[in-house]
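Heads up, the thing below is written out as structure tokens.
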Amino acid sequence: MIVRTRYAPSPTGDPTIGNIRTALFTWALARANGGTFLLRIEDTDRKRLVETSVQAIYDSLRWLGLEWDEGPGVDGIHAPYFQSQRLPLYEKTAETLIAKGRAYRCFCTAERLDRLRAEQAARKQPPGYDGLCRELEPEASLRRARAAPFVVRFKMNRDGVTVLDDLIRGPVTFENALQDDFVMLKSDGYPTYHLAVVVDDTEMEITHAVRGDEWISSAPKHLQLYEALGWTPTRFAHLPLILGPDKKKLSKRMGDTAILDYRDKGYLPEAMINFLAFLGWSLDDKTSLITIEELAERFSVERVVPNPAVFDIERLDFLNGHYIREMDETRWLTTVADWCDRRLPRSVRRPVDRGVISAVAPLLRERVKRLDQIAPLVEFLFGFEAPEHTAVELADRLAGDYALALAVVDAALLALDPVPEERWEREPIEAAVRGMEAAVSMKLGKFVSVLYVAEMGRGQGIPLFDSLAILGRERSLHRLRTARARLEHAG
RNA sequence: GGCGCGUUCGUCUAGAGGCCCAGGACGCCGCCCUUUCAAGGCGGAGAUCGGGGGUUCGAAUCCCCCACGCGCUACCA
């Protein structure tokens, strides 16, 4: 079995959720069956070609661990893997088809085609090429070809039906009378998708192809091409679409953004894989967590559902949190350090203090769903001065009572000041803060938010006692004094 | 408009005639735990299986009709 995934570098951007889900299923199909996973770059649209997005497909696939067995950088017998380097193949096939009478040169201008479409629309007729150039004499066609630009159209068989035997949906029947002669070779000599996919899948000995459902209506074109050429068609699996929350095909606007954006927002590859795997596929009635290894082993195209799935980011977030908590200690430490180096304000010296990192890392684990949430949570540990906050924020959980907040800060100062530098650790700090309950006649749970704001500039965050221990005595007390000053000012 | 595909809790899905007055997961709600926030534990609400006809002793599962949604309808992929 050889399966391929394909990618067209274009300005619409880098590989998205949809693209990568197709790649994932393709990869899994290959792995589960001991097949070859091949990557092909379909750069036939010269008008929209964007070189940089070729790199993005490599990065996207590699980030997720979807290594290709053959493709760019991994030359095999089916090279080259860029369609722009395979032009003679398409041209030769087009010539063959013309010679067989199954294709013809078309000299119609874009203007005529536009007009034709407009007329058809006005008459409420289905749009389609009217076949003007279909019956041109071979001699005349050849002669005109020397002087005028032309495209090559495939002569569709208009009788009977074409049946696609889809791996997911079973037989799908298309009325041939409704088909029209599509362009297979453009006037710039590049093939359209339809020609290229058939030629390359055959040349590359692709046995199975997974693609999005938006392609299913062009399947008869491909099937007829195979037939006209006397080639055996690739088996197709048309994946259901991924829908946005608006139930429309997932758009760039609604979350079908580049997969690498998800990486940059702090999603883990294992979460992304797990998430994508269950978008249209399931293992059984119980499993909702799966690793890439298990997917590679147990994926089966028979268990892909035919109906579209709505993209639900909350599930992705849940999975990401899950895999963050699953990480081994070393990797978590490296990850936290990395995201601190990347996301902390510029004023913080790099590399960020590794001692501080290893102290906070364990506190972060179950509080973070995305890696980009790390920096805001630990930012208060860097820099001597108190974080920006106002008296309003300090007294927020105390119903805006400045005096009460002030009493809390004073009590904290009183309780913590006696803790000496050498005993400035979690337990003594905790004992001191708990001891404040009597002094302020409030439960810890009630007044603690004042201290959160004073020390870290936010009403909630990583555990307070540990935070103070990491912050150190001098900085902790200094922040309390700053808070007191602000409260006095406000009062 | 035409053609195609699809329709089970809010969402992802399990389900291929009796195991289903429908199971799991996310989310939601409540309780417990608790220094905030989380995480975790326990429990709960939530789908008359799009609607209507059949077939059958019996249908989410098979057949027919309808409705709705989406996709495609380029010298883009």
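Letters go in sequence order (proteins before strands), and every chain restarts at 1.
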TODO: Once you apply the 3.5 Å cut-off to both distances, tell me the Watson-Crick or G-U wobble partner of B:G2, or none.
DONE: B:C72
Open item on the list: Side chain of A:Arg6 only, heavy atoms from C-beta on: which candidate in B:C3, B:U13, B:A77 is closest?
Closed with: B:A77
TODO: Compute whether any side-chain donor of one residue and acceptor of the other, for A:Tyr226 and A:Thr234, lie under 3.5 angstrom apart.
DONE: yes
TODO: Please measure how far the P atom in B:C68 lies from the corresponding atom in B:U13, and state the result in whole Å.
DONE: 24 Å
Task: Distance-only polar pair, side chains of A:Tyr90 and A:Asp200, donor-acceptor under 3.5 Å - done: yes
Task: Counterpart base for B:A14, defined by Watson-Crick or G-U wobble contacts under 3.5 Å - done: none
- [ ] Kindly write out the residues that satisfy side chain to side chain contact (heavy atoms under 4.5 Å, CB included) with A:Asn157, not counting sequence neighbours, or none if the list is empty.
- [x] A:Arg102, A:Asp159, A:Asn176, A:Gln224
Open item on the list: Suppose we screen for salt bridge (Lys or Arg N to Asp or Glu O under 4.0 Å). Which residues come up paired with A:Arg112, at least two apart in sequence or across chains?
Closed with: A:Asp130
Task: P atoms of B:C57 and B:G52, separation to the nearest Å - done: 23 Å
Task: Interface residues of residues 459-469 of chain A with RNA chain B (non-hydrogen, below 4.0 angstrom) - done: A:Gly459, A:Gln460, A:Gly461, A:Ile462, A:Pro463, A:Leu464, A:Phe465, A:Asp466
- [ ] With C1' as the reference atom in both, quote the distance from B:A59 to B:C64 in angstrom, rounded to an integer.
- [x] 15 Å
Open item on the list: Checking A:Val453 now: which residues fulfil side chain to side chain contact (heavy atoms under 4.5 Å, CB included) with it, not counting sequence neighbours?
Closed with: A:His389, A:Glu393, A:Leu394
Task: Pairs satisfying salt bridge (charged side-chain N to carboxylate O under 4.0 Å, His left out), at least one member in residues 409-418 of chain A, at least two apart - done: A:Asp410-A:Arg484, A:Asp417-A:Arg473
Interface polar pairs with nucleotides 40-51 of chain B, N/O, under 3.5 angstrom:
from	atom 1	to	atom 2	distance (Å)
B:G40	OP1	A:Arg325	NH1	3.1

- [ ] Keeping the roles fixed (side chain from A:Trp332, backbone from A:Arg325), state whether a donor-acceptor pair exists under 3.5 Å.
- [x] no
Open item on the list: Is it the case that the side chain of A:Arg4 and the backbone of A:Asp201 share a donor-acceptor pair, with hydrogens and angles ignored and the cut-off at 3.5 Å?
Closed with: no
- [ ] Would you check, one step at a time, whether the test salt bridge (Lys or Arg N to Asp or Glu O under 4.0 Å) holds for A:Asp188 with A:Lys186?
- [x] CA-CA 5 Å; A:Asp188 65 359; A:Lys186 297 183 265 191; 5.2 Å; no
TODO: Decide yes or no for A:Phe299 and A:Val304: does some side-chain heavy atom of the first lie under 4.5 Å from some side-chain heavy atom of the second?
DONE: yes
Open item on the list: Ignoring hydrogens and geometry beyond distance, is the side chain of A:Arg48 in donor-acceptor contact with the base of B:C76 at under 3.5 Å?
Closed with: yes
Task: Watson-Crick or G-U wobble partner of B:G50, both distances under 3.5 Å - done: B:C66
Task: Per-nucleotide protein contact string for nucleotides 64-72 of chain B (B base, S sugar-phosphate only, - none; heavy atom under 4.0 Å) - done: ------SSS
TODO: Tell which nucleotide pairs with B:C21, taking only Watson-Crick or G-U wobble pairs whose two distances are both under 3.5 angstrom.
DONE: none
TODO: Counting heavy atoms from C-beta on, name the nucleotide in B:C76, B:C37, B:C5 closest to the side chain of A:Lys47.
DONE: B:C76
Task: RNA chain B-proximal residues of residues 146-159 of chain A, any heavy atom under 4.0 Å - done: A:Val151, A:Arg153
- [ ] Rounded to whole angstrom, note down the C1' distance from B:G18 over to B:A39.
- [x] 43 Å
Open item on the list: Side chain of A:Glu366 only, heavy atoms from C-beta on: which candidate in B:A38, B:C3, B:U11 is closest?
Closed with: B:A38
Task: Whole-angstrom distance between B:G15 and B:U7, as gauged at atom C1' - done: 15 Å
Task: Same-atom distance (C1') from B:G27 to B:C70, integer angstrom - done: 25 Å
Task: Closest to side chain of A:Ile216, choosing from B:U8, B:G4, B:C37 - done: B:G4
TODO: Tell me, with the steps shown, if A:Arg235 and A:Asp165 meet salt bridge (Lys or Arg N to Asp or Glu O under 4.0 Å).
DONE: CA-CA 8 Å; A:Arg235 295 303 310 275; A:Asp165 190 14; 3.6 Å; yes
Open item on the list: Between the base of B:C75 and the side chain of A:Ser187, is one N or O donor paired with an acceptor at under 3.5 angstrom?
Closed with: yes
Task: A:Thr44 side chain near B:C76 phosphate (N/O to OP1/OP2, under 4.0 Å) - done: no
Grab the N/O contacts between the protein and nucleotides 21-24 of chain B below 3.5 Å, and write none if there aren't any.
from	atom 1	to	atom 2	distance (Å)
B:G23	N2	A:Asp285	O	3.2
B:G24	O2'	A:Lys286	O	3.1

What nitrogen or oxygen pairs link the protein and nucleotides 15-20 of chain B at under 3.5 Å?
from	atom 1	to	atom 2	distance (Å)
B:G15	OP1	A:Arg303	NH1	2.9
B:G15	OP1	A:Arg303	NH2	3.4

Task: Given B:U36, B:C26, B:C76, the nucleotide with the shortest approach to the side chain of A:Asp312 - done: B:C26
- [ ] Ignoring hydrogens and angles, state whether a donor on the side chain of A:Thr16 or A:Asn19 is under 3.5 Å from an acceptor on the partner side chain.
- [x] yes
TODO: Tell me which of A:Thr173 and A:Tyr193 sits closer to the 5' end of RNA chain B, going by the nucleotide each one is nearest to.
DONE: A:Thr173
TODO: Report the distance from atom CH2 of A:Trp281 to atom P of B:A14, rounded to the nearest whole Å.
DONE: 11 Å
Open item on the list: Using atom C1' in both nucleotides, what's the gap between B:U8 and B:A47 to the nearest angstrom?
Closed with: 7 Å
Task: Whole-Å distance separating the CH2 atom of A:Trp332 from the P atom of B:A39 - done: 14 Å
Open item on the list: Students often mix this up, so state it plainly: with edges at 30° and 60°, are the rings of A:His222 and A:Tyr193 parallel, tilted or perpendicular?
Closed with: perpendicular
- [ ] Select one nucleotide: of B:G2, B:G6, B:C76, the one nearest the side-chain heavy atoms of A:Arg169.
- [x] B:G6
Task: Nucleotide nearest A:Pro127 when distance is taken to its side chain, options B:C12, B:G1, B:G2 - done: B:G1
Open item on the list: Tell me whether the side-chain N/O atoms of A:Lys186 come closer than 4.0 Å to OP1 or OP2 in B:C76.
Closed with: yes
Could you list the donor-acceptor pairs under 3.5 angstrom formed by side chains in residues 443-450 of chain A, with sequence neighbours left out?
none

- [ ] Sequence neighbours left out, what passes side chain to side chain donor-acceptor pair (under 3.5 Å) with A:Gln179? Give chain and number order.
- [x] none
Open item on the list: Looking at B:C33, which nucleotide sits across from it as a Watson-Crick or G-U wobble partner, both distances under 3.5 angstrom, or is there none?
Closed with: none
TODO: Report the distance from atom CD1 of A:Ile259 to atom CE of A:Met272, rounding to the nearest 0.5 Å.
DONE: 3.5 Å
TODO: Flag this pair as yes if the NZ/CZ of A:Arg211 is under 6.0 angstrom from the six-membered ring centre of A:Phe236 and inside a 45 degree cone about the axis; otherwise no.
DONE: yes
Open item on the list: In whole Å, I'd like the distance from the NE2 atom of A:His222 to the P atom of B:A77.
Closed with: 10 Å
Open item on the list: Does the structure show a Watson-Crick or G-U wobble partner for B:A59, both distances under 3.5 Å? Name it, or say none.
Closed with: none
Task: Separation of the P atoms in B:G50 and B:U34, to the nearest angstrom - done: 46 Å
Task: Between B:U34 (P) and A:Arg367 (CZ): distance, integer Å - done: 15 Å
